[in-house]
Amino acid sequence: MENADLPEPGASGGAGAGGRRRVRRHDPERRTRILDAALDVLVTDGAAGITHRKVAAQADVPLGSVTYHFASLAELLEQAFAWYVKQRTSQFEDLFARVETRKDLVEVLVELVQGGPSRRRSGVLGFELHLAALRDPALRELTQKWTKDSRAILARFTTPEIAGRLDALLEGLIMHALLATEPEPREATRAAIVQALGPVRG
């Protein structure tokens with residue numbers, strides 16, 4: 001039975017003071033809000049710092065609501081990371097919707113690396129996931145599927161072998177961009193991507 005079909009603690013229509021029944025608050029998006037809040041906490045505190053209480057505060061919901069939907073921190077982390085990957089995969093797909101030429105592809109990939117603050121949250125979450133996956137086999141399955149899906153998108157514009165090489169390069173470039181005290185010149189990023197793509201075919 002889905003959790004959404006059950007009343008949450010303190011939200012059901014039991015008898016309140018004076019015998020009046022409390023009205024259950026209809027909040028069908030609460031579970032998603034909790035997952036989004038968990039991702040926010042992961043960005044600021046990392047997987048090592050996440051707690052049910054921090055997530056409840058970030059989501060502005062009772063602590064019991066978080067533990068109702070996610071009984072353990074392991075479950076909360078796994079579902080939050082899965083939610084992140086689902087969103088990121090969709091966003092990654094959208095990035096290439098208008099790519100028609102090699103030049104278009106290069107510019108999309110350069111912006112993926114050089115996106116600045118708008119890309120930082122996604123980059124931090126990606127590396128938090130990979131770090132957590134080193135110790136959690138279930139998360140490794142998630143990262144492997146994510147990698148496979150990402151490379152399949154890149155392979156539409158090149159070969160599977162080049163897509164794999166390009167994917168690995170992008171991860172490294174994004175990590176360096178997150179850690180750098182001075183931004184990498186866009187031309188340097190573009191040159192690395194062009195080299196990974198190899199010579200123009202045909």
Yes or no on side chain to side chain contact (heavy atoms under 4.5 Å, CB included) for Y84 and L35, after CA distance, side-chain angles and deciding distance? CA-CA 9 Å; Y84 160 72; L35 289 174; over 6 Å; no
Would R33 and D60 pass as an ion pair if we require N to O under 4.0 Å? no
For S65 and P62, indicate whether the former's side chain and the latter's backbone hold a donor-acceptor pair under 3.5 Å. no
Candidate pair R88 and E93, rule salt bridge (Lys or Arg N to Asp or Glu O under 4.0 Å), full reasoning: CA-CA 8 Å; R88 188 67 191 124; E93 176 95 34; over 6 Å; no
Quick check: do R140 and D136 have side-chain heavy atoms less than 4.5 Å from each other? no
Drop me the distance from Q87's CD to L39's CG, to the nearest 0.5 angstrom. 6.5 Å
Say you draw a straight line from CG of L42 to CZ of F127; how long is it, rounded to the nearest 0.5 Å? 15.0 Å
Between R135 and P137, the two heavy atoms sitting closest are O-CD, 3.8 Å
Check R190 with E107, please: is the shortest side-chain N to carboxylate O separation under 4.0 Å? yes
List the atom of F81, the atom of A132, and the distance in Å for their closest heavy-atom pair. CE1-CB, 4.1 Å
Report yes if the side chains of Q79 and H69 come closer than 4.5 Å at any heavy-atom pair, otherwise no. no
What pair of heavy atoms forms the shortest contact from V110 to I193, and how long is it? N-CD1, 3.7 Å
Using 0.5 Å steps for rounding, measure from the CG atom of L112 to the CD1 atom of I174. 4.5 Å
Over all heavy atoms of both residues, which pair between A163 and T158 is shortest? Give the atoms and the distance, please. N-CG2, 3.9 Å
T44 side chain to V41 backbone, donor-acceptor under 3.5 Å: yes
Would you name the heavy atoms of A47 and E128 that are closest together and state the gap between them? N-OE1, 3.2 Å
Point-to-point distance, once rounded to the nearest 0.5 Å, from CH2 of W146 to CG of D167: 9.0 Å
Are side-chain heavy atoms of L105 and F96 found at a separation under 4.5 Å? yes
So that I can tick it off, tell me whether R98 and D104 are bridged by a salt bridge, with the cut-off set at under 4.0 angstrom between side-chain N and carboxylate O. no
Side-chain ion pair, K145 and D149, N-O less than 4.0 Å: yes
Side-chain heavy atoms under 4.5 angstrom apart, residues restricted to Ile, Leu, Val, Met, Phe, Trp, Tyr: same cluster for V61 and L63? no
Residue pair E184 / V113, side-chain heavy-atom distance below 4.5 Å: no
What distance separates L154 CG from L109 CG, expressed to the nearest 0.5 Å? 6.5 Å
Spacing of I162 atom CD1 and L169 atom CG [to the nearest 0.5 Å]: 12.5 Å
Is there a side-chain contact between L131 and L134, using heavy atoms and a 4.5 Å cut-off? yes
Which heavy atom in R121 sits nearest to a heavy atom in D36, and how many Å separate them? NH2-O, 3.9 Å
Q114 versus T189, side-chain donor and acceptor atoms under 3.5 Å: yes
Report the residue from V55, I34, L77 that forms a side-chain contact (heavy atoms from CB on, under 4.5 Å) with F70. I34
Would you please test R165 and Q195 for side chain to side chain contact (heavy atoms under 4.5 Å, CB included) and show each step? CA-CA 11 Å; R165 185 168 71 222; Q195 184 175 24; over 6 Å; no
